[in-house]
Number of protein chains: 2
Amino acid sequence: MAVTIKDVAKRAGVSLSTVSLVLNNKQNVSEETRLKVNQAIEDLKFHPRRHARGLASKRSGNIGFILTDDHFSRAEPFYTKIFLGTEFEARKFDYYILLTTVSKTFKSGGPVPRFLLEANVDGVIFAGKVALGLVEHVQKLGIPCVLVDYAFKNDGLSCILIDNVQGIRQAITHLIKKGHRKIAFIGGEINHPSINDRLLGYKEALKENHIYVDEALISTDELYTGRNDGFRATERLLERGVEFTALLASNDTMAIGAIQCLRQNGLDVPAQVAVVGFDDIEAGLHVEPHLTTVRVEKEELGAVALRRLMEMIETGRVIYGRTLIPVRLILRGSTND
Amino acid sequence: MAVTIKDVAKRAGVSLSTVSLVLNNKQNVSEETRLKVNQAIEDLKFHPRRHARGLASKRSGNIGFILTDDHFSRAEPFYTKIFLGTEFEARKFDYYILLTTVSKTFKSGGPVPRFLLEANVDGVIFAGKVALGLVEHVQKLGIPCVLVDYAFKNDGLSCILIDNVQGIRQAITHLIKKGHRKIAFIGGEINHPSINDRLLGYKEALKENHIYVDEALISTDELYTGRNDGFRATERLLERGVEFTALLASNDTMAIGAIQCLRQNGLDVPAQVAVVGFDDIEAGLHVEPHLTTVRVEKEELGAVALRRLMEMIETGRVIYGRTLIPVRLILRGSTND
DNA sequence: GTGAAAGCGCTAACAT
DNA sequence: ATGTTAGCGCTTTCAC
């Protein structure tokens with residue numbers, strides 16, 4: 001019933017293998033036959049069966065996309081957008097993405113995604129924080145993998161990361177340009193690589209601008225990075241009685257909490273304190289004044305990860321190292337821009 | 001290298017086909033051999049190759065999950081959770097979900113998801129509003145499909161829907177029990193089936209309780225259902241000068257907008273106006289007082305849809321009709337509970 | 001109840 | 001540059 005490579009071959013007047021060669025863009029096919037075959041493919045609206053291909057070629061045509069359940073269910077569609085970037089990019093390679101979540105509390109020896117058991121993926125993308133054990137499991141299986149928005153300390157891994165330091169530098173530079181010298185920093189979950197990088201970026205950027213890094217202006221004791229954490233981190237700052245005219249938050253949600261706290265303490269934003277966030281989430285436009293922030297191209301993260309993975313699959317080589325995705329400062333009301 | 005059905009057969013001392021029969025839970029296998037085979041499968045940690053299966057059985061082992069890009073990228077992870085419910089349930093059937101988005105502005109003749117072209121899915125789930133043309137396209141292909149959280153007027157389709165009427169009835173009943181008689185309703189995007197049902201439910205529930213349905217208490221002219229729309233819809237209500245002690249919103253985001261509007265107009269929630277939403281989104285816990293609302297089990301919607309689809313695939317029959325997923329009123333501060 | 005054998009649609013040597 | 005052939009790993013008649 002369905003049209004197969006055989007029909008195409010017949011119509012084009014060539015053999016099965018020639019059609020296959022054309023299909024897979026292999027060399028050694030004369031331009032003439034290639035055209036003939038492609039014409040036949042088009043005429044017959046032929047689409048190769050994935051399962052047949054997979055069986056014959058030992059490649060699945062699938063990429064596994066793994067994230068933790070809590071990441072995926074978050075209100076902010078950060079990882080959703082990364083996934084979308086990946087899925088969209090995968091279309092160009094004619095690959096499918098198998099999305100699955102693992103428990104946040106995954107531990108080695110626990111249940112692993114089915115596609116790993118069935119050897120049904122040619123590569124794996126991990127998005128966000130994942131258990132090291134799972135990553136190692138995939139590596140042991142010999143399946144190429146790429147991490148997005150997360151990294152481990154000692155890695156022979158491929159990681160696609162936000163350029164946190166650069167983003168913070170842009171923010172600091174801008175604040176300084178606007179005359180700010182006393183710039184506070186709030187953060188939470190400080191052992192998360194991204195957050196940690198942002199704090200490092202803050203210190204570096206200040207030093208570069210010859211501004212003394214005052215530890216009293218740094219509040220990073222909260223365990224998480226939610227709005228309430230931003231509120232409390234700011235409270236701590238205020239309790240210390242140390243003066244500041246600008247506040248950099250490790251992310252937008254904390255920045256929003258910070259604005260609430262500042263306002264509740266009678267401080268006007270941006271008149272008395274300018275506030276800058278990081279991530280550019282939608283909620284930043286739901287506060288008044290709108291939040292100045294560092295925009296992260298989430299789709300781009302996903303797309304780059306997919307491309308990296310495809311490269312690894314196609315060349316059969318492991319590509320190490322971190323790739324930083326550039327970010328951009330978005331100026332809005334919270335810094336009086 | 002990888003263990004195949006052949007290895008299992010050898011180890012169990014049976015033929016290939018017997019292993020296959022066991023694998024597929026077919027009858028006519030003695031309990032004894034079944035045990036032997038299963039033991040061998042376990043010993044060898046055998047997992048059948050999907051592609052081999054798919055090629056031989058003409059079934060893909062995949063389900064397509066289609067939603068519009070804007071639905072998927074929404075801040076509120078409503079459809080994300082539906083997807084999660086589907087994916088989780090699919091594991092029980094050993095099926096994979098191929099998630100893809102289509103443009104909101106999809107029109108017939110436009111590009112369709114690849115898995116449809118490649119015949120790489122055995123069934124399709126549509127989540128949320130989709131173009132009728134796409135649904136019809138899938139039907140013409142003879143691929144079973146199920147809609148979740150959306151329906152068309154004249155359908156020979158299978159739809160899994162929120163029990164909107166029942167949800168509203170619970171809310172109204174509760175409000176009446178608390179002494180409210182003048183209950184307003186705000187809504188947006190009124191031609192959306194869910195919203196429309198909620199309005200219908202509102203009218204029905206009032207009638208059942210012998211309360212006159214005052215059109216002046218109904219404000220449903222907004223085009224969308226966001227917070228701002230809730231704000232404006234409430235404003236219109238107030239401008240009319242009509243009195244009410246309770247307000248039912250067609251969804252939580254509008255309810256949150258309503259609370260803002262009421263408060264801005266000097267009305268206390270819940271003292272002067274009780275507010276009830278619908279959906280039970282997280283943001284309902286981020287407002288003060290916390291929002292009383294109707295909880296929708298999103299994962300359940302997805303799981304039921306998957307089960308329905310599997311039934312259609314396994315029986316080969318199309319199952320028509322709408323299935324309503326029960327909802328539950330969650331009492332919180334906005335109704336003084 | 002179990003086994004033998006054909007074949008699903010394609011890829012990848014190997015020939016030519 | 002193109003054709004021939006042998007599988008990939010499983011399911012599925014059809015015998016026995």
Side-chain angles (χ1 to χ4, degrees), chain A residues 1-38 40-41 44-62 94 115 117-120 122 313-314 316, chain B residues 1-38 40-41 44-62 94-96 115 117-120 122 313-314 316:
Chain A
M1 182 213 139
V3 30
T4 76
I5 202 175
K6 219 169 164 177
D7 304 312
V8 176
K10 200 175 292 170
R11 176 161 189 125
V14 298
S15 74
L16 298 188
S17 47
T18 304
V19 178
S20 178
L21 290 178
V22 173
L23 239 38
N24 295 285
N25 285 311
K26 300 274 167 96
Q27 52 272 340
N28 292 337
V29 182
S30 73
E31 198 50 36
E32 196 192 332
T33 24
R34 187 183 298 279
L35 248 52
K36 263 196 308 189
V37 171
N38 279 326
I41 288 175
L44 300 170
K45 293 189 196 314
F46 167 73
H47 292 275
R49 295 313 166 75
R50 202 147 269 271
H51 288 314
R53 268 193 140 157
L55 187 56
S57 69
K58 317 279 260 167
R59 274 186 284 104
S60 69
N62 296 326
D94 198 27
F115 52 60
L117 297 173
E118 296 189 354
N120 197 22
D122 302 335
I313 291 170
E314 282 167 6
Chain B
M1 180 211 141
V3 30
T4 77
I5 203 175
K6 216 167 165 179
D7 304 312
V8 176
K10 199 175 292 170
R11 176 161 190 126
V14 297
S15 75
L16 298 189
S17 43
T18 304
V19 178
S20 179
L21 291 178
V22 173
L23 239 38
N24 295 286
N25 286 311
K26 298 277 165 94
Q27 54 272 340
N28 291 339
V29 181
S30 72
E31 197 51 36
E32 196 193 333
T33 20
R34 186 184 297 279
L35 248 52
K36 262 196 311 190
V37 171
N38 278 328
I41 288 175
L44 299 171
K45 293 190 198 313
F46 168 71
H47 292 276
R49 293 314 172 71
R50 206 152 265 272
H51 288 314
R53 271 194 136 157
L55 186 56
S57 70
K58 315 284 253 166
R59 275 185 285 104
S60 69
N62 296 326
D94 198 27
Y95 257 79
Y96 284 106
F115 52 61
L117 298 173
E118 296 190 354
N120 197 22
D122 303 335
I313 292 170
E314 281 166 8

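Just so we're on the same page: letters track the sequence lines, and every chain starts at 1.
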**Student:** Closest-nucleotide mapping onto DNA chain C: is B:S15 or A:T4 further toward the 5' terminus? I mean the 5' end.
**Tutor:** B:S15

**Student:** Toward the 5' end of DNA chain C, which comes first, A:P48 or B:L21, by nearest nucleotide?
**Tutor:** B:L21

**Student:** Provide, to the nearest angstrom, the distance between the CZ atom belonging to A:R34 and the P atom belonging to D:dT2.
**Tutor:** 10 Å

**Student:** Name the one of B:T18, B:I41, B:L23, B:L16 that satisfies side-chain contact (heavy atoms from CB on, under 4.5 Å) with B:V8?
**Tutor:**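 The single option meeting the side-chain contact (heavy atoms from CB on, under 4.5 Å) with B:V8 is B:I41.
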
**Student:** Measuring to OP1 and OP2 of D:dA1, would you say a side-chain N or O of A:T33 lies under 4.0 angstrom away?
**Tutor:** no

**Student:** Charged N to carboxylate O below 4.0 Å: is that the case for B:D122 and B:K58?
**Tutor:**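 Here B:D122 does not pair with B:K58 in a salt bridge, since their nearest N and O are not under 4.0 Å apart.
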
**Student:** B:V29 has a side chain; which of C:dT2, D:dG9, D:dT2 sits nearest to it?
**Tutor:**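 Nearest nucleotide to the side chain: C:dT2.
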
**Student:** Write down the distance between CG (A:L16) and P (C:dC8), rounded to a whole number of angstrom.
**Tutor:**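 Rounded to the whole Å, the gap is 12 Å.
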
**Student:** Roughly, in whole Å, what's the span from NE2 in A:H47 to C1' in C:dG9?
**Tutor:**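 One finds 15 Å between C1' of C:dG9 and NE2 of A:H47, rounded.
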
**Student:** Quick check on C:dC10: is either OP1 or OP2 less than 4.0 Å from any side-chain nitrogen or oxygen of A:K58?
**Tutor:** no

**Student:** Report the distance from atom CG of A:L55 to atom P of C:dA12, rounded to the nearest whole Å.
**Tutor:**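 Between P of C:dA12 and CG of A:L55: 12 Å.
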
**Student:** State which of C:dC10, C:dC8, D:dG3 makes the closest approach to the side chain of A:A52.
**Tutor:**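 For A:A52, the side-chain atoms sit closest to C:dC10.
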
**Student:** Please determine whether a side-chain nitrogen or oxygen atom of B:R53 lies at a distance below 4.0 Å from atom OP1 or OP2 of D:dT11.
**Tutor:** yes

**Student:** With a 4.5 Å heavy-atom cut-off, do B:Y96 and A:N62 have their side chains touching?
**Tutor:** no

**Student:** If I take atom CZ in residue B:R49 and atom C1' in nucleotide C:dC8, what distance separates them, rounded to the nearest angstrom?
**Tutor:**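 Rounded to the whole Å, the gap is 17 Å.
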
**Student:** Which part of the nucleic acid does B:S20 contact within heavy-atom distance under 4.0 Å: base, sugar-phosphate only, or nothing?
**Tutor:** base

**Student:** Is there side-chain contact between B:K36 and B:V14, with at least one heavy-atom pair below 4.5 Å?
**Tutor:**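 B:K36 reaches B:V14 side chain to side chain.
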
**Student:** Using a 4.0 Å heavy-atom cut-off across all strands, classify A:S30 as base, sugar-phosphate, or nothing.
**Tutor:** sugar-phosphate

**Student:** C:dC8 C1' sits how many Å from A:D7 CG, rounded?
**Tutor:** 14 Å

**Student:** Below 4.5 Å, heavy atoms only, C-beta onward: do B:R11 and B:F46 meet side chain to side chain?
**Tutor:** no

**Student:** Using a 4.0 Å heavy-atom cut-off, does A:V19 contact any base of the nucleic acid, only the sugar-phosphate backbone, or nothing at all?
**Tutor:** nothing

**Student:** Take the protein atom CZ of B:R59 and the nucleotide atom P of D:dG9, then report the distance between them rounded to whole Å.
**Tutor:** 20 Å

**Student:** Would you classify A:K26 as touching base, sugar-phosphate or nothing, given that sugar-phosphate means primed atoms plus P, OP1 and OP2, and contacts are heavy atoms under 4.0 Å?
**Tutor:**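 A:K26: backbone/sugar contact only, no base atoms under 4.0 Å.
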
**Student:** Return no unless some side-chain N or O of A:N28 is found under 4.0 Å from OP1 or OP2 of D:dT2.
**Tutor:** no

**Student:** Could you check how far CD1 of A:I5 sits from C1' of D:dT4, rounded to whole Å?
**Tutor:**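 Atom CD1 in A:I5 sits about 14 Å away from atom C1' in D:dT4.
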
**Student:** Could you tell me whether the side chain of A:S17 has a donor or acceptor atom within less than 3.5 Å of a complementary atom in the base of D:dT5?
**Tutor:**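 Result: no qualifying N/O pair found.
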
**Student:** Is A:T18 close enough to D:dT2 that one of its side-chain N or O atoms is under 4.0 Å from OP1 or OP2 there?
**Tutor:** no

**Student:** If you only use heavy atoms from C-beta on, which nucleotide in D:dT12, C:dA12, D:dT11 is closest to the side chain of B:L23?
**Tutor:**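 Comparing D:dT12, C:dA12, D:dT11 against the side chain of B:L23, the answer is D:dT11.
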
**Student:** Under 3.5 Å, is there a donor-acceptor pair between the B:S20 and B:S17 side chains?
**Tutor:**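 No, no side-chain donor-acceptor contact under 3.5 Å.
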
